[in-house]
Amino acid sequence: MPDTNLSDQIWAIRAFIYRFFVDHERPPTTDEAATRFGISGDAAREAYRRLAAAHQMFLEPGTDEIRMASPLSATPTPYRVFIGHHSYYANCAWDSLGIPAMLGSDADIEAHDTFSGDLVRYAVEDGQLRADGGFVHFSLPVGDWYDDLIHT
Amino acid sequence: MSLFRSEEDVAKWCRRTGEARGEVLSLERVWRLALVWYARRMAEDYHGRSNHEVHLLFVDQGLASDFWRP
């Protein structure tokens, strides 16, 4: 069970990270979070680590850089989501639908079929999925998701 | 969570790669799951979910097997 007993400021930093990520199509650095909240870089780094430990986001291993703030990915993936004039990478097939779900937006999604590598397009319009079939394989049971988040 | 055109392709993929076969849901069902899982993710008062809340969410979506238990 992750530690979610975080300070109000750390939860506010979490909200800032998500808003920044949506607006800028990338997560904020710890320096950007420090500037926004008037705190030291060390305090921002500690906040990022606490949020990662609480499973609120996932850091690139060995760094203080955000790799995932689900459903958003900071690195390119086979799942690209277009919303208005923005485009985002999603962590996985589920997250490709999680981005329009989170934003309450229509979306056009480009993904690659895992088996063939073929480009697949689907969309969300007025809260409805527009897709020509498609299935999602959840390879790991929920209890194991945080053991290997990159490959989940 | 990877996208496939068919459940048969999932089986072929697992045989080819040795990846364990987990659970396969239609994209439509995953959309409904995404709606409840992510709808409040950006809310200022969203502080994550307890394992019990995750379990209840999946059960409410008809996903009640041990695979979906946190």
Side-chain angles (χ1 to χ4, degrees), chain A residues 1-2 4-6 11-12 14-15 18-19 21-22 51 54-56 69-72 78-79 90-104 109 111-116 118 120 122 124 127-129 131-146 151-152, chain B:
Chain A
M1 183 70 187
T4 54
N5 185 26
L6 305 177
W11 286 118
R14 179 200 176 279
Y18 270 84
R19 186 75 259 163
F21 208 150
V22 168
L51 285 164
H55 295 175
Q56 296 299 306
S70 292
L72 301 158
Y79 303 94
N91 297 301
C92 63
W94 181 14
D95 283 358
S96 74
L97 295 171
I99 293 173
M102 179 176 76
L103 297 176
I109 299 158
H112 288 276
D113 173 67
T114 305
F115 186 70
S116 68
D118 291 346
V120 179
Y122 45 101
V124 171
Q128 303 296 313
L129 176 68
D132 182 18
F135 292 85
V136 178
H137 180 219
F138 292 74
S139 58
L140 293 177
V142 173
D144 294 345
W145 283 0
Y146 288 96
H151 295 106
T152 295
Chain B
M1 297 79 169
S2 303
L3 181 71
F4 290 86
R5 286 195 183 279
S6 68
E7 295 191 69
E8 292 74 21
D9 280 355
V10 175
K12 290 178 191 173
W13 174 259
C14 289
R15 281 198 297 273
R16 180 198 288 176
T17 64
E19 182 175 299
R21 189 184 188 286
E23 293 273 343
V24 180
L25 303 182
S26 71
L27 202 59
E28 177 65 38
R29 194 168 184 190
V30 172
W31 166 237
R32 293 196 298 273
L33 189 59
L35 280 172
V36 294
W37 186 264
Y38 282 117
R40 297 197 67 257
R41 189 59 61 107
M42 288 186 68
E44 300 253 338
D45 63 348
Y46 178 83
H47 289 183
R49 295 185 179 92
S50 69
N51 284 347
H52 181 63
E53 289 169 328
V54 170
H55 175 63
L56 292 180
L57 185 151
F58 283 130
V59 168
D60 191 53
Q61 294 295 308
L63 303 170
S65 70
D66 283 348
F67 184 90
W68 300 99
R69 185 177 287 277

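Lettering of chains follows the sequences in order, A, B, ..., and the numbering in each one begins at 1.
Between chain B and the residues A:P71, A:A111, A:A93, the largest count of heavy-atom pairs under 4.5 Å involves A:P71. When the candidates B:V36, B:L33, B:T17 are compared by the number of heavy-atom contacts under 4.5 Å with chain A, B:L33 comes out ahead. Most heavy-atom pairs under 4.5 Å with chain B, from the set A:A12, A:S96, A:G127: that is A:G127. With chain A as partner, the option from B:H55, B:E44, B:R40, B:E28 having the largest number of non-hydrogen pairs under 4.5 angstrom is B:E28. The candidate from A:A131, A:G98, A:P78 with the greatest count of non-hydrogen atom pairs under 4.5 Å with chain B is A:G98. Here B:R41 is the residue among B:R69, B:R32, B:R41 with the most heavy-atom pairs under 4.5 Å with chain A. With respect to chain B, the highest number of heavy-atom pairs below 4.5 Å among A:D118, A:V120, A:L97 belongs to A:L97. Highest contact tally toward chain A, considering only B:W13, B:F67, B:F58, is held by B:F67 [criterion: heavy-atom pairs under 4.5 Å].
At least one side-chain heavy atom of A:M102 sits under 4.5 Å from a side-chain heavy atom of A:L72. Taking the side chain as every heavy atom from C-beta outward, B:L3 and A:F135 never approach each other to under 4.5 Å.
Under 4.0 Å is where a charged nitrogen must lie from a carboxylate oxygen, and between B:K12 and B:E8 no such pair does. Salt bridge annotation for B:R5-A:D132: absent, with no cationic side-chain nitrogen under 4.0 angstrom from a carboxylate oxygen.
When heavy atoms are compared at a cutoff of 4.5 Å, B:V10 approaches chain A solely by way of its side chain, counted from C-beta outward. With a 4.5 angstrom heavy-atom cutoff, B:R29 does not touch chain A via any of its atoms. Heavy-atom distances place the side chain of A:L103, and not its backbone, under 4.5 Å from chain B. For chain B, the nearby part of A:A15 is the side chain; its heavy atoms alone come within less than 4.5 Å. B:E19 touches chain A through its side chain: at least one heavy atom from C-beta onward sits under 4.5 Å away, while N, CA, C and O do not.
Proximity of a side-chain donor or acceptor of A:Y122 to a complementary backbone N or O of A:G133 within less than 3.5 Å is not detected. Listed for the A:S139 side chain is no donor-acceptor partner under 3.5 Å among the backbone atoms of B:G22.
In the displayed structure, B:D66 atom CG is contacted under 6.0 Å by at most 12 heavy atoms of other residues, nucleotides or ligands.
Aromatic ring centroids of A:W94 and A:Y79 lie 6.0 Å or more apart.
For the pair A:R14 and B:Y46, the NZ or CZ position fails the cation-pi test of under 6.0 Å to the six-membered ring centre and within 45 degrees of the ring normal.
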